[in-house]
Structures are given as C-alpha cells and as structure tokens.
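Read through the structure below, which is laid out as structure tokens, and then see the notes.
Everything numeric here is computed off the predicted structure, so don't read it as measured data.
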Amino acid sequence: MSVEADIARVAGDSLCIAFQVKGGGLKTGGDRIQAFKDGDMAISYSALPYCAVPGGHEDFHFQVITVPYDHERMLGGQTRDLFAIRFAEPAYARPFRAHFNGIRQRHAHLANPDEEVAHIARLAIMARGRLAPGMPEVRATLRSGLRYAAEEIKAR
C-alpha cells in the first residue's frame, strides 16, 4: 500500500498519535522543526499538515493510531490546533508509550477496545496540556497506562 493510500484512509477530524519505530529524522508542523529518534512519539490533529523527512539512509518507519474526535471521549479537550510535535513530558512518557504499545500489539484481543481507545486519546490530550491530570477520568487513564507499563516490565 502506498503512503498516499495510508494518508487517505485517516479519518478527518481525528487525533493522531504517532510512534517513531525506526530511523529518526525531522518532522515539521506549523512553525516547528523537530528532530525525532527511535521511540519518540508525536501527537497532532489529522487535518493539520506536517512533513516527515528521514534523517539518513536507514529505514524510516512510524506507526499512527488515529482516534476520531468525540467530545465525550475526549472530555471536551480541544485537538483541532495541535500541530505535530514530539511528546516530551517525562512524567507521563512511560504509561503513554506502554499504553500505545499495548493497543498496537494486542488490538484484536482487548477486553474493552472503546475504553482503551478513550484512554490513549485522553493520555495524548493530557500530554499536550488540554486536560487536567487531576480529573477522575484522566486519573483512570493514567492507571490504565501504568497497568500496561507493569505488564511490559513483567513480560521482560
């Protein structure tokens, strides 16, 4: 499948959560240019343009989870002005990355897929400063991410 076909499949009015799997490079969005390396994550709105440029001759591979905007699921957190920038909040990085990996790796076997998608969307919006970490729903989301992190540690 071509890159253009992948892009065409992304639902409009969605939150995009991207994981840089392999091969760093540069991503531009809005007026920002940022370097990305293996393991970095980015959060953006689907209708805002960005450009990803490989940093060398190695493979450049990233994965994206898109979550269609839903006011209730996203607790009213605004997403429509989120240009693609690297997620850099160290306090939430572990549960956020673990939750993303859990959804990505076990998507066919999730007990409650709707709830898990709501959790990853809320983690992303919170990471971008659009939801307060003290909200009960966001605390539940953090617990879910920490559960995924604990499962990763246990598996290792």
*Carboxylate-amine/guanidinium proximity below 4.0 Å for R97 and E152*: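 Not counted as a salt bridge, because no side-chain N and carboxylate O are separated by less than 4.0 Å.
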
Can you name the side chain to side chain contact (heavy atoms under 4.5 Å, CB included) partners of [X], sequence neighbours left out?
X    : value
V138 : L75, M126, L131, M135
P54  : F60
N112 : D114, E115
F83  : L48, P49

Rounded to the nearest 0.5 Å, what separates atom [atom1] in [X] from atom [atom2] in [Y]?
X    : Y   : atom1 : atom2 : answer
N101 : Q63 : CG    : CD    : 8.5 Å
T66  : I17 : OG1   : CD1   : 9.0 Å
L15  : S44 : CG    : OG    : 7.5 Å

*Show the numbers, then the answer: is there a side chain to side chain contact (heavy atoms under 4.5 Å, CB included) between H61 and D38?*
CA-CA 9 Å; H61 179 76; D38 294 0; over 6 Å; no

Can you list everything that forms a salt bridge (charged side-chain N to carboxylate O under 4.0 Å, His left out) with [X]? Sequence neighbours excluded, please.
X    : answer
D81  : R130
E137 : none
R80  : D13

*Should we say atom CG of L146 is surrounded by more than 12 heavy atoms from elsewhere, each under 6.0 Å from it?*
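Buried by this count: over 12 neighbours within 6.0 Å.
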
*asked:* What verdict does the side chain to side chain contact (heavy atoms under 4.5 Å, CB included) test give for Q20 and K22, after you've listed the backbone C-alpha separation in whole Å, the side-chain angles of each residue and the deciding distance to 0.1 Å?
replied: CA-CA 6 Å; Q20 185 70 39; K22 183 177 179 186; 6.0 Å; no

*What residues, two or more places apart in sequence or in another chain, satisfy ring pair (Phe, Tyr, Trp, His ring centres under 6.0 Å) together with F19?*
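Checked F19 against ring pair (Phe, Tyr, Trp, His ring centres under 6.0 Å); matches are F100.
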
*asked:* Test of understanding: with ring pair (Phe, Tyr, Trp, His ring centres under 6.0 Å), list the residues that count as partners of Y45, not counting sequence neighbours.
replied: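 Listed in chain order: nothing, the list is empty.
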
*asked:* Between K154 and E151, does the side chain to side chain contact (heavy atoms under 4.5 Å, CB included) criterion hold? Intermediate values first, please.
replied: CA-CA 5 Å; K154 185 178 172 183; E151 290 173 2; 5.5 Å; no

*Contact list for residues 121-146, test ring pair (Phe, Tyr, Trp, His ring centres under 6.0 Å), sequence neighbours left out*: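 Ring pair (Phe, Tyr, Trp, His ring centres under 6.0 Å) check on residues 121-146 returns no pairs.
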
*Applying ring pair (Phe, Tyr, Trp, His ring centres under 6.0 Å), which residue pairs with at least one partner in residues 135-156 are found, sequence neighbours left out?*
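Sorted pair list: H99-Y148.
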
_For a 4.5 angstrom cut-off between non-hydrogen side-chain atoms, does S14 reach V67?_
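When only atoms from C-beta onward are counted, V67 and S14 do not touch, as no gap falls below 4.5 Å.
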
_Donor-acceptor check, side chain of R139 to backbone of G134, threshold 3.5 angstrom: yes or no?_
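Present.
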
*Keeping to residues at least two apart or across chains, list the salt bridge (charged side-chain N to carboxylate O under 4.0 Å, His left out) pairs with something in residues 119-128.*
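Residue pairs with at least one partner in residues 119-128: there are none.
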
*Return the minimal non-hydrogen interatomic distance between V64 and A18, and the atom names on each side.*
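Answer, listing the atom of V64 first, then A18: CG2-CB, 3.9 Å.
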
_Contact summary for A127 and I43, nearest pair of heavy atoms_ =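 It is CB-CD1, 3.9 Å.
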
